[in-house]
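Worksheet for the structure shown next.
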Amino acid sequence: MSAPAPSSPAAVEAPYVERQEEVLTEAALAFVAALHRRFTPRRDELLARRAERRADLARTGRPDFLAETAAVREDPDWRVAPAPAALEDRRVEITGPADDRKMTINALNSGARVWLADMEDASSPTWRNVVNGQLNLMDAFARRVDFTSPEGKTYALGPAERLATVVMRPRGWHLDERHLTVDGRPVPGALADFGLYFFHNARRLLDLGKGPYFYLPKTESHLEARLWNDVFVFAQERLGIPRGTIRATVLIETITAAFEMEEILHELREHASGLNAGRWDYLFSIIKNFRDAGEAFVLPDRNAVTMTAPFMRAYTELLVRTCHKRGAHAIGGMAAFIPSRRDPEINEVALEKVRADKDREAGDGFDGSWVAHPDLVPVARASFDAVLGDRPHQKHRLREDVRVTADQLVAVGSLEAKPTVDGLRNAVQVGLRYIEAWLRGLGAVAIFNLMEDAATAEISRSQIWQWVAAGVVLDNGEKVTAALVREVAAEELASAPEASETWRQAHDLFLRVALSEEYVDFLTLPAYELLD
């Protein structure tokens with residue numbers, strides 16, 4: 001597509017994608033440009049603050065609740081805005097990338113109360129995916145999102161009253177959208193995703209009796225939540241949408257945000273809907289922030305860190321306590337298992353784990369939880385139905401018995417499990433497979449019967465970085481070194497289903513972000529440079 005007319009303040013620099021002119025109208029690009037000019041400088045300042053805070057953690061090794069915001073935590077009177085009717089009952093939420101048309105239909109028809117329409121970790125941000133994600137959602141709200149498979153099977157939306165409510169997840173603050181520029185600078189992906197979606201859909205959603213609802217990822221502080229709140233206020237005023245129409249659920253998926261849950265809700269209180277326990281990114285954040293803090297912060301194999309680990313229990317119970325204290329929904333973590341119709345034995349073992357996980361969350365006071373596959377919707381719903389009954393949530397359970405200290409949130413060393421040779425190989429296998437698929441434009445990837453997204457690859461490569469840096473000795477007596485990791489990666493590359501350039505790129509990128517002397521904050525930053 002050629003650059004917009006001179007009157008448009010935004011420029012599109014990308015190969016043409018079919019129907020992109022429906023998304024990239026001059027008015028929509030002007031709206032995105034206004035967001036960019038007003039808020040990107042603050043975004044830049046907050047990213048710099050992240051780096052400073054990480055340096056402080058590396059020096060002290062001891063995060064704590066903020067003294068300067070104690071008054072917010074101690075004030076018993078404030079609450080978030082009441083939930084709109086469409087978000088009152090969230091007992092089961094399904095996740096999936098918005099750029100996949102078939103998945104869009106299946107998610108909306110799944111029986112879940114909410115669909116997290118993902119433009120972040122479950123979406124590889126090729127320009128085609130960015131545009132198609134917006135188109136699929138616009139089409140869904142206009143009920144024109146049908147699909148026919150190559151085999152001739154047709155997919156269409158069911159009755160409107162049975163469709164899941166859409167909660168869209170834009171990209172995190174750290175990612176740019178290089179195909180959209182304003183004044184010669186890339187627009188932050190968060191503002192591009194939010195701006196285009198809000199501009200095209202806010203009024204239509206209000207006409208449908210719903211609204212523009214968002215999941216906010218990778219938030220690290222209440223100041224970042226304040227920025228989002230200011231974006232919401234500006235956007236509503238700019239388009240004449242009533243203030244407070246937007247509702248946001250914040251993923252508590254960084255260790256620093258775990259210490260600021262109440263402050264984050266307070267900043268967003270007229271737009272807040274709840275908090276979510278983003279468990280995989282949370283583990284990634286712990287590894288990233290304490291990667292060089294010594295043996296006490298070395299995590300074992302990813303699959304050995306369950307939600308019953310003491311520091312994970314502290315995090316999730318504090319989340320429920322915080323949300324219900326302030327009138328917000330507490331949403332549990334992901335069940336990533338993909339049911340198999342070919343292996344009933346593996347299927348039943350995995351489903352039992354899913355049931356136990358959802359039973360625990362419902363019993364702990366969560367108001368809902370995530371699944372990655374439509375077949376898991378009834379499983380999760382049964383767990384929450386057993387506790388909720390006809391009630392839409394359990395915010396009345398204030399969990400006043402919960403008392404969580406700073407030390408409990410970072411008690412990583414309390415785990416008995418240790419790193420293993422199988423865990424190392426699994427990290428390499430999963431990391432390589434995910435990155436290879438991501439480079440081909442797939443962000444939600446089935447690996448070893450689990451639906452994985454970018455958080456999985458982040459944990460995998462970060463654990464390897466930490467194990468090498470700490471000189472971890474595995475259960476077979478072998479020390480984790482860069483040479484050992486390269487050896488395992490070479491074996492996995494040799495066994496790849498095809499010797500393609502994409503596999504070679506994935507191999508090289510994985511080793512770069514797992515073994516570089518300077519830790520790379522997000523693997524998606526260098527990976528993005530390899531995308532179309």
Side-chain angles (χ1 to χ4, degrees), residues 50-51 53-63 121 172 174 217-220 251-259 277-307 309-312 314-316 333-334 406 408-420 423-431 434-435 452-474 480-482 485 509-527:
R50 285 184 179 182
R53 195 173 192 184
R54 152 63 195 162
D56 287 342
L57 278 178
R59 186 171 57 254
T60 65
R62 194 57 55 187
D121 268 8
H174 61 288
K218 306 290 191 294
T219 301
E220 295 199 11
L251 291 115
I252 302 299
E253 54 186 357
T254 66
I255 184 64
T256 50
F259 284 89
R279 59 177 69 171
W280 294 128
D281 265 304
Y282 189 72
L283 289 175
F284 162 48
S285 173
I286 287 175
I287 298 168
K288 177 163 65 173
N289 279 285
F290 302 112
R291 61 185 181 266
D292 47 12
E295 185 178 349
F297 287 94
V298 172
L299 281 172
D301 303 352
R302 172 176 72 110
N303 294 329
V305 186
T306 68
M307 297 307 293
F311 71 97
M312 296 299 280
Y315 148 64
T316 55
M334 169 72 83
Q408 288 173 322
L409 284 173
V410 294
V412 175
S414 64
L415 296 176
E416 294 183 3
K418 302 298 180 186
T420 70
L424 173 64
R425 184 166 294 278
N426 180 263
V428 174
Q429 290 174 326
V430 172
Y434 183 82
I435 294 173
E452 308 287 17
D453 66 11
T456 303
E458 292 284 24
I459 294 172
S460 297
R461 63 93 181 188
S462 297
Q463 282 208 295
I464 290 173
W465 195 99
Q466 185 186 44
W467 291 356
V468 171
V472 162
V473 176
L474 302 173
V480 182
T481 63
V485 175
L509 178 59
F510 182 78
L511 291 182
R512 173 183 166 189
V513 295
L515 300 177
S516 61
E517 184 174 344
E518 291 295 322
Y519 181 86
V520 179
D521 280 344
F522 294 96
L523 74 81
T524 46
L525 294 174

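In what follows, residues are counted from 1 in the order of the sequence shown. It should be emphasised that the depicted structure is a prediction, and the values quoted were computed from it without experimental measurement.
The structure places CD1 of Ile286 at 8.5 Å from OH of Tyr315, a figure rounded to the nearest 0.5 Å. Here Ser462 contributes atom OG and Trp467 contributes atom CH2; the two are 11.5 Å apart, rounded to the nearest 0.5 Å. The NZ atom of Lys418 sits 12.5 Å away from the CG atom of Leu474 when rounded to the nearest 0.5 Å.
Minimum heavy-atom separation, Asp121 to Ala455: OD2-N, 3.5 Å. Contact detail for Pro419 and Asp301: the closest heavy-atom pair is CA-OD1, 3.4 Å. Heavy atoms only, all atoms of each residue included: Asp292 and Ala58 are closest at OD1-CB, 4.3 Å. For Leu409 against Ala314, the heavy-atom pair with the smallest separation is CD2-C, 4.0 Å. Here the closest heavy-atom approach between residue Thr254 and residue Ser285 is recorded as CA-OG, 3.3 Å. Heavy atoms only, all atoms of each residue included: Val410 and Phe297 are closest at O-CE2, 3.6 Å.
One N or O on the side chain of Gln463 and one on the backbone of Pro300 form a donor-acceptor pair closer than 3.5 Å. Tyr282 places no side-chain N or O within donor-acceptor distance of the main-chain N or O of Met312, the cut-off being under 3.5 Å. A distance-only check finds a donor-acceptor pair linking the side chain of Trp465 to the backbone of Ser516 [under 3.5 Å].
Of the options Leu283, Ile287, Asn289, a side-chain contact (heavy atoms from CB on, under 4.5 Å) to Ile255 is made by Asn289 and by none of the others.
Residues Arg54 and Glu220 form no side-chain contact, since every pair of their non-hydrogen atoms from C-beta on lies 4.5 Å or further apart. Within the 4.5 Å cutoff, no side-chain heavy atoms of Trp280 are placed close to those of Asp453. Inter-residue side-chain proximity for Thr256 and Leu57 is flagged as met; some heavy-atom pair is nearer than 4.5 Å.
Remark: Asp56 does not engage Arg53 in a salt bridge, criterion side-chain N to carboxylate O under 4.0 Å.
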How far apart are the C-alpha atoms of Ile464 and Leu424, what are their side-chain angles, what is the distance that settles it, and do they pass the side-chain contact (heavy atoms from CB on, under 4.5 Å) test?
CA-CA 7 Å; Ile464 290 173; Leu424 173 64; 3.9 Å; yes
Should Lys218 and Glu458 be marked as a salt bridge (charged side-chain N to carboxylate O under 4.0 Å, His left out) after you check the CA-CA gap, both sets of side-chain angles, and the distance that decides it?
CA-CA 13 Å; Lys218 306 290 191 294; Glu458 292 284 24; over 6 Å; no
Could you give me the CA-CA distance, side-chain angles and deciding distance for Thr456 and Tyr434, then say whether side-chain contact (heavy atoms from CB on, under 4.5 Å) is met?
CA-CA 8 Å; Thr456 303; Tyr434 183 82; 5.7 Å; no
Please step through salt bridge (charged side-chain N to carboxylate O under 4.0 Å, His left out) for the pair Lys288 and Asp281, ending with a clear verdict.
CA-CA 10 Å; Lys288 177 163 65 173; Asp281 265 304; over 6 Å; no
Start with the C-alpha gap between Val520 and Arg461, add the side-chain angles, then the distance that decides, and say whether side-chain contact (heavy atoms from CB on, under 4.5 Å) holds.
CA-CA 10 Å; Val520 179; Arg461 63 93 181 188; 4.1 Å; yes
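Ring orientation note: the planes of Phe522 and His174 are close to parallel, at an angle under 30° on the 30°/60° scale.
Cation-pi geometry between Arg302 and Phe284 is not satisfied (NZ or CZ under 6.0 Å from the ring centre, within 45° of the ring normal).
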